[in-house]
*Asks:* 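For reference, the structure I am asking about is given below.
Reminder, nothing fancy here: chain letters follow the sequence lines and each chain counts from 1.
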Amino acid sequence: MPAASSHDFIDRCAWAVDLSPEQRERVKRVTTVREYAQGDYVCHKGEMAEHWLGVVEGIVKITTVSPSGKSVTFTGVPTGGWFGEGAVLKSEIRKYDVMALRRSRIAFVPRDTFQWLLDTSLPFTRFLLMQFNERLGQFIAAVEYERLLDIDSRVARAVSSLFNEHLYPSLGNTIEISQEEIGLLAGISRQRANQALKVLEQQGLVRVDYGVIVVLDLEGLRQYGE
DNA sequence: TCATTAAATTGTT
DNA sequence: AACAATTTAATGA
């Protein structure tokens, strides 16, 4: 079914540029793409991980349930981001839930192909190492942000975590995201997201346009509230 | 290119 | 949650 042209997004992935034509061909052949509506779950905690997942278009959020029972967002993953490598690598179950914040298309790379790339491509292995390192950084930031009760700070974190030049290189300093989606991401109401974004805009950290957020001071955004 | 309209998003209560 | 205002995108003259 998948004509080569329908999987062109593979060519634009940072981890694919250094693959051999044969490797890329195999990836394109076995990769499937599924579409999800807003609010749909891409995968659930506890499921066996059979695929490495990429956001072809849209945005998803990765959440876990804290011991106290409340849902806490680990991070959002925008277009161009890949996730789920941890569970695939170790043939484990998913450690989190993944929900689409808007209509999104998700790519599924089968586990055996993922393993094969790891075995045969040094550039791919390097990419994965980088990805793990960046995610570790995000995790550390998330642990700190857990104790931040201030809503404005949490929104600042949620937005700044979307801007990572290694994990999501295609993003630049602008992201198309509505305030409702910010609310979903940060676990707050759209109204409160609107309020928080105004505060951040007044501080000169972001510019809020129609359906768009432009980051003016990424470092300031990351450190906001500390 | 401009005007009209519908849909999405934002501002406010 | 509801409503009004604003912006965008699509349509057709």
Side-chain angles (χ1 to χ4, degrees), chain A residues 3 5-9 12 33-43 53-66 68-83 97-107 138 141-142 145 148-165 167-225:
Chain A
S5 59
S6 72
H7 281 47
D8 282 350
F9 69 90
R12 292 191 289 276
V33 176
R34 287 197 58 187
E35 190 153 338
Y36 295 86
Q38 178 178 104
D40 282 354
Y41 278 91
V42 177
C43 57
L53 307 176
V55 181
V56 180
E57 191 180 352
I59 182 170
V60 301
K61 70 170 176 180
I62 297 179
T63 62
T64 60
V65 180
S66 73
S68 54
K70 65 174 181 181
S71 171
V72 51
T73 299
F74 169 53
T75 185
V77 180
T79 300
W82 290 79
F83 60 93
D97 297 310
V98 179
M99 192 188 87
L101 293 184
R102 73 167 75 117
R103 192 170 186 77
S104 301
R105 286 188 304 154
I106 307 298
Q138 282 195 326
Y145 132 109
L148 296 180
L149 299 176
D150 175 35
I151 300 289
D152 296 342
S153 305
R154 286 169 48 185
V155 170
R157 275 265 191 259
V159 173
S160 66
S161 71
L162 296 177
F163 289 89
N164 180 305
E165 57 175 329
L167 295 175
Y168 324 120
S170 59
L171 223 47
N173 67 334
T174 302
I175 188 168
E176 279 190 35
I177 188 169
S178 72
Q179 298 182 2
E180 171 153 25
E181 290 161 349
I182 294 287
L184 288 170
L185 190 57
I188 58 179
S189 69
R190 176 178 72 78
Q191 292 91 328
R192 192 60 185 81
N194 176 275
Q195 198 177 326
L197 286 171
K198 277 182 174 167
V199 171
L200 298 177
E201 186 169 40
Q202 276 190 329
Q203 308 272 330
L205 299 173
V206 300
R207 186 154 51 78
V208 181
D209 291 335
Y210 186 82
V212 168
I213 292 177
V214 182
V215 174
L216 303 175
D217 180 0
L218 184 53
E219 269 315 301
L221 202 59
R222 288 195 170 125
Q223 292 170 4
Y224 186 87

*Asks:* Does CZ belonging to Arg102(A) count more than 12 external heavy atoms closer than 6.0 Å?
*Replies:* yes

*Asks:* Under the 3.5 angstrom rule, does the side chain of Lys61(A) hit a backbone N or O of Leu184(A) as a donor-acceptor pair?
*Replies:*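 Flag set: sc Lys61(A) to bb Leu184(A) pair under 3.5 Å.
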
*Asks:* About how many Å separate CG of Asp150(A) and OH of Tyr224(A), when rounded to the nearest 0.5 Å?
*Replies:*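 Between atom OH of Tyr224(A) and atom CG of Asp150(A) there are 6.0 Å.
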
*Asks:* Once salt bridge (charged side-chain N to carboxylate O under 4.0 Å, His left out) is applied, do any residues pair with Glu176(A), and if so which ones, sequence neighbours excluded?
*Replies:* none

*Asks:* Can you tell me which residue among Val199(A), Ile213(A), Val155(A) is in a side-chain contact (heavy atoms from CB on, under 4.5 Å) with Val206(A)?
*Replies:* Ile213(A)

*Asks:* Would you give a per-nucleotide map of nucleotides 6-13 of chain B, 5' to 3', where B means the base has a protein non-hydrogen atom under 4.0 Å away, S means only the sugar-phosphate does, and - means neither?
*Replies:* --BBBBBB

